[in-house]
Amino acid sequence: MLAAVGPAMPRGSGWTFEPKYDGIRVLAVASGRDVLLLSRNGNDKSAQFPEIADAVRALAIRRARPLVIDGEIVGLRQGRLGRFQDLQGRIHRRATTHDGHPDEDTTPATLVAFDLLTDDDVVLVHEPWTTRRRHLEALIRTDEQVPALRLGETSADGTAMLAAARRQQWEGVIAKRTDAAYEMGQRSHAWLKLKVEHEQEFVVGGYTDPRRGRPFFGALLLGHYVGTDLVYAGSCGGGFTDDELRAVFHRLRAIPRQHAPFAGAPPRTRERAHWVTPQLVVQVRFNEWTADGKLRQPIYLGLRDDVDPRQVHRETESIQPTVAAPGAPSLPSGATGPPVTRRAPRTESRPAAARPSDRGASDRGASDRGASDRSASNRSDARTPRGVRRPISPRGDGPRLMCGKPGRVSRAVVSGAVDQLDWIEHEGGGEGMLALGAGCTLAVSRLGKVFFPAVPGGRPLTKGDLFRYYASIAPYLLPTIADRPLVLRRFPNGITRPAFYQQRVPGPAPRGVRIERVAAGKGPESTAEPRLIGGDLVTLLYIVQLGAVSVDPWHARVGSLDTPDYTIIDLDPGPRATFRRVIDVARWVKEELDSRGLVAALKTSGATGLHVVLPLVSGTPEDAARLVAEIVATAVAERHPRDATVTRSVRARGAATVYVDYLQNIRGKTVAGVYSARARPGATVSTPLDWAELRDDLDPAAFTIETVPERVQRLGDLWAPAMRHRNDLATLVDSTSAGHGHPSGHAHSPRRSA
DNA sequence: GCCGAAG
DNA sequence: CTTCGGCAACGCAAG
DNA sequence: CTTGCG
C-alpha cells in the first residue's frame, strides 16, 4: 500500500497521522524461524540488516505465531530516527561483519512497524486500520521494545504532527483513513503524503547536454552565493515542459562562458557541461539539502527575472509551501518577490510560485509512481491470475439484462437503429430514446453536434453520423470486441475540442450496458475496477453517446486476461514520412513474418499508419506476445535503418522514418480496433485490407465512416477470415534462440527502474 | 523519487 | 487513465 | 568500465 500525494491536510475526523519515515520500506514476513525483509522490488534485505531480521524472528517466536509486518527500516543517529543518507552505506552490503552482525562502524538501524497484515492465522488486510493497529500494539508492547524493532508513532492531531515534521526536518506526514482496509501493492487515497517541501531561487552557472530523446539540454547546474563565491548546489533537470526547455535554452545560449563560474573544482557531470555567465535566476522546489550541500529531488518551477543573482544565497529557512491547515490559509511562498514567469498551467492561470503546494497534487496524484513503487506484493502477484471478475448488475442482484449474445446483433435491430437515429437527429431535436430490441433502450442526445469539421469536398459529420456508422458496422465490429474491456477516449465536444481518457466506468450506466470488475493491473481482487466490456450493441452505442470516437479494445478477453489473442505491430509514420514509405515498411514486415512462418492480418490504423495484427493461439502469455512483436519490429528497423525505427521517443525519431511500434502490446495500452472510427479529419476508419491491396497508390484517407459500410457490402468482411489463422509462438521462440538469435539482444534486458 | 510526453 | 522515459543523487555491488 | 538498486 502506497500513499498518494495529498493536496492539503484532510479535514474532519476519521484520519490518523504518522511521520513519513525516510528509509527503506519493507514487508517483514516471519514464519517459524524464517524471516524475510522484502523491499518494494521484492528483494530480501535481511542479509543487510541481520539485527532487524533477528528482532522480527524473536518476536514471532516469543508470540508463537507467523506475522506479516509493514514498516520502514530507518537509520539511527544518536538513538534518534535518521535520514535515508544514514542508511546508504549498508543498503547493498552483503554482510556487515564476520559474525553477521553490525560492527561499530555501521550505522545502527531499526524497523519502525506501522501496520500488521496478518497476525497468526488472522488475515487483517481487509480490516480497518483501527483493528490492525490494535493487533499491532498488542504484538509490539512498548514495555518489551528492543533497539531493532519499534512501534511507529501515530496521532490524531495532524496539524501538530506536521509542525513537528517541519521542526525536526522529516520528509513529511502520512495521513491514514482509520476506516480503510490495507490495499496490497497499490497506491491509495486512503493514505495521503503531506510533504514538507522547500523552495528558493538559484543562479544558473551552466547546463548539461541532453541524453537521448531529450530536446535542448539535460539539466541546469545551479549555485548560490556565499560572499563572492558561487557555490555549486547540484543540478536540476526535472519539471520542464518542452517549451520551457526551449525558452531557457535560448536564454543560456546567449551568455556562454569559457570556464565554470563555480568556486573550486568545476562540478563533474555525467553529460558534457556548458558554462554560462551567472546571471539567470530560477525558482526551484526541492525535498531537502543533502549532507554535502546538494539538492535532493529538485524541480524547476520557473524563471525569476526580478531577482538580482548576487542576492541569491542559501536560505536557512527556505519558505515552505505549507499545506492548508484548517483555519490557516496557505502561505504564499512567492511573498519575497513577484511571481515567477512560467507558462500558465492547463487548468487555471496562476503563477507556480504563488501556490506551489497544489502543483502535482490535484491532477497528478495518479501519475505518482515509478519502478521502485512496484511493491513486493505486486511482483509476487505477477504470476497469479489477475483478471478476477465479477459481473455487476445495474440494479439489485437480478440477472443482467442481456441485449443479445455478445458479438451478435440482428439485421432488423441494426436497420431499426439507423432509422431511429436519423429521425431523432433530424426531426426529434437531436435527443431521444433508441429501442434496440428485446426491451433494450438507450437514451441518446446531441446528435446534431458537429464532431468532425468538414474536409475539402465533404460535409461536416455529426455525432448522429458517427452513431449511424457504428450501428451499421456493428455486425462486423461486435465480434471483434466481444468480451474485451474497452478503454474510452472521450471527445464530448467533437474532435477539435479537448479529450480525456477513461478506463473506469463512468457513473451509473444504463440498463443493458455490460460492466464487469476487471483488475486494472496485477493486484488482487480488491483492485478490480468496473470497466465496460464490448460485445453488444447497447454498450457500443453507449460509448458513442459518451463522446468516444474510437473503439479501443484490450488484446485479451475477460476470462483469459493474461493471454492476449493477438499482438500488434503499429507502423506509424513520422511527420515528414510519406504513406508510400509506410507501405514499404509494411512489405518488409510481411517478408520478415513470412521468413519466420508467421501469419498476420493487415488494416489501416485509421490515422496515418498501418496495423499488422498477428492472431495467437489461446494461452499465449503476454510476454511472448510482446516479444514476437519486438523481434519482428527490431529486425525490420535494423535492416532498413533509414526508413524504419523502433525508437519510442517521438523527438529522437527521424521525422521521415516510420516508427515500428511493438509497445502497444501492454496492459492499459490499446490500439484502435478494426472498423473503429478515429478522431481525425474526415472521420477515417481502421479498415481491414487484403495484403494484395498494399499497392503504391493505396490511400488510407479513402476509408471513412461514409465509405466503409459500402466497402464492406461490396467485399464482405475481410477481417474475420484473416484472423482465423493463429500463430503458435512456442515454435518461433525456440527457433529464435537456437537459430537467428535475437536481433539486438535487448529484448531480454531488464527494464530500467527508478 | 520527480516530472512531462504520449496513446 | 496508464505507461514510458528522462531527470536527480550517492554509495555500493555485480557483470 | 557501465548498470542496477534503494
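Since we're looking at a predicted model, the values are computed, not measured. In what follows, every chain begins at residue 1, and chains take the letters A, B, ... in the order their sequences are listed.
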A.B. asks: Verify the contact: side-chain N or O of A:Lys294 to OP1 or OP2 of C:dA8, cut-off strictly under 4.0 Å; return yes or no.
C.D. replies: no

A.B. asks: Is A:Thr290 close enough to C:dA9 that one of its side-chain N or O atoms is under 4.0 Å from OP1 or OP2 there?
C.D. replies: no

A.B. asks: Begin with the C-alpha distance, continue with both residues' side-chain angles, and end with the deciding distance and a verdict on side-chain contact (heavy atoms from CB on, under 4.5 Å) for A:Arg246 and A:Phe216.
C.D. replies: CA-CA 6 Å; A:Arg246 184 179 54 240; A:Phe216 304 109; 3.3 Å; yes

A.B. asks: Starting at CG of A:Leu295 and ending at P of C:dA8, how long is that distance when rounded to a whole Å?
C.D. replies: 12 Å

A.B. asks: Kindly say if A:Arg285 contacts the phosphate of B:dC3, meaning a side-chain N or O under 4.0 Å from OP1 or OP2.
C.D. replies: yes

A.B. asks: Not counting sequence neighbours, which residues clear salt bridge (Lys or Arg N to Asp or Glu O under 4.0 Å) with A:Asp70? List them please.
C.D. replies: A:Arg25

A.B. asks: Round to the nearest Å and state the distance from A:Phe240 atom CZ to C:dG5 atom P.
C.D. replies: 22 Å

A.B. asks: Could you give the distance separating B:dG1 and D:dG6 at their P atoms, to the nearest angstrom?
C.D. replies: 12 Å

A.B. asks: What nucleotide among C:dG6, C:dC10, B:dG1 has an atom nearest to a side-chain atom of A:Arg40?
C.D. replies: B:dG1

A.B. asks: Roughly how many Å is it from CD in A:Gln85 to P in C:dG11, rounded to a whole number?
C.D. replies: 9 Å

A.B. asks: What nucleotide among B:dA5, B:dC3, D:dC5 has an atom nearest to a side-chain atom of A:Ile299?
C.D. replies: B:dC3

A.B. asks: Under 4.0 Å, counting only non-hydrogen atoms across every strand here, what does A:Phe84 touch: a base, just sugar-phosphate, or nothing?
C.D. replies: base

A.B. asks: Any idea which of C:dC7, B:dG1, B:dG4 is nearest the A:Ala219 side chain?
C.D. replies: C:dC7

A.B. asks: So is the aromatic ring of A:Tyr501 stacked onto the base of B:dG7, judging by whether the centres are under 5.5 Å apart and the planes are under 30° apart?
C.D. replies: yes

A.B. asks: What's A:Gly234 touching, base or sugar-phosphate or nothing? Going by heavy atoms closer than 4.0 Å.
C.D. replies: sugar-phosphate

A.B. asks: Figure out the CH2/P separation between A:Trp554 and B:dG7, and round it to whole Å.
C.D. replies: 20 Å

A.B. asks: Among C:dC10, C:dA8, D:dG6, which is the nearest nucleotide to the side chain of A:Ser235?
C.D. replies: C:dA8

A.B. asks: Between D:dG4 atom C1' and A:Lys45 atom NZ, what is the distance in whole Å?
C.D. replies: 11 Å

A.B. asks: Tell me the partner of B:dG7, counting only Watson-Crick (N1-N3 plus N6-O4 or O6-N4) or G-U wobble (N1-O2 and O6-N3) with both under 3.5 Å; none if nothing fits.
C.D. replies: C:dC1

A.B. asks: Check every strand shown and say whether A:Gly238 touches a base, only sugar-phosphate, or nothing at a heavy-atom separation below 4.0 Å.
C.D. replies: nothing

A.B. asks: To the nearest Å, give me how far apart CG (A:Asp570) and C1' (B:dA6) are.
C.D. replies: 12 Å

A.B. asks: If I take atom CG from residue A:Leu2 and atom CE from residue A:Met184, how far apart are they, to the nearest 0.5 angstrom?
C.D. replies: 11.5 Å

A.B. asks: Considering every strand and a 4.0 Å limit on heavy-atom distances, what is the contact class for A:Asp292: base, sugar-phosphate, or nothing?
C.D. replies: sugar-phosphate

A.B. asks: Can you tell me the distance, in whole Å, between the CG atom of A:Leu2 and the C1' atom of D:dG6?
C.D. replies: 14 Å

A.B. asks: Considering only the C1' atoms, how many Å lie between C:dA8 and D:dC1, rounded to the nearest integer?
C.D. replies: 22 Å

A.B. asks: Which residues satisfy the side chain to side chain contact (heavy atoms under 4.5 Å, CB included) test with A:Asp86, sequence neighbours excluded?
C.D. replies: A:Arg77, A:Arg83

A.B. asks: Quick one: do the A:Ser39 and A:Lys45 side chains pair a donor with an acceptor below 3.5 Å?
C.D. replies: no

A.B. asks: Given that both distances must come in under 3.5 Å, which nucleotide forms a Watson-Crick or G-U wobble pair with D:dC5?
C.D. replies: C:dG11

A.B. asks: Measuring from the side chain of A:Arg531 (C-beta onward, heavy atoms only), which nucleotide among B:dG1, D:dG6, C:dT2 has the closest atom?
C.D. replies: C:dT2

A.B. asks: Determine: side-chain N/O of A:Arg211 to OP1/OP2 of C:dC7, distance under 4.0 Å, yes or no.
C.D. replies: yes

A.B. asks: So, OP1 or OP2 of B:dC2: does either fall under 4.0 Å of a side-chain N or O from A:Asn287?
C.D. replies: no

A.B. asks: Could you give the CD1-to-P distance, from A:Ile73 to D:dG6, as a whole number of Å?
C.D. replies: 11 Å

A.B. asks: Closer than 4.0 Å, any side-chain N/O of A:Lys195 to the OP1 or OP2 of B:dG1?
C.D. replies: no

A.B. asks: To the side chain of A:Ser39, which of D:dG6, B:dC2, B:dC3 is closest?
C.D. replies: D:dG6

A.B. asks: Counting distance only, does the side-chain N/O of A:Thr684 pair as donor-acceptor with the main-chain N or O of A:Gly606 below 3.5 Å?
C.D. replies: yes

A.B. asks: Using side-chain heavy atoms (C-beta onward) and a distance below 4.5 Å, is A:Glu171 in contact with A:Asn287?
C.D. replies: yes

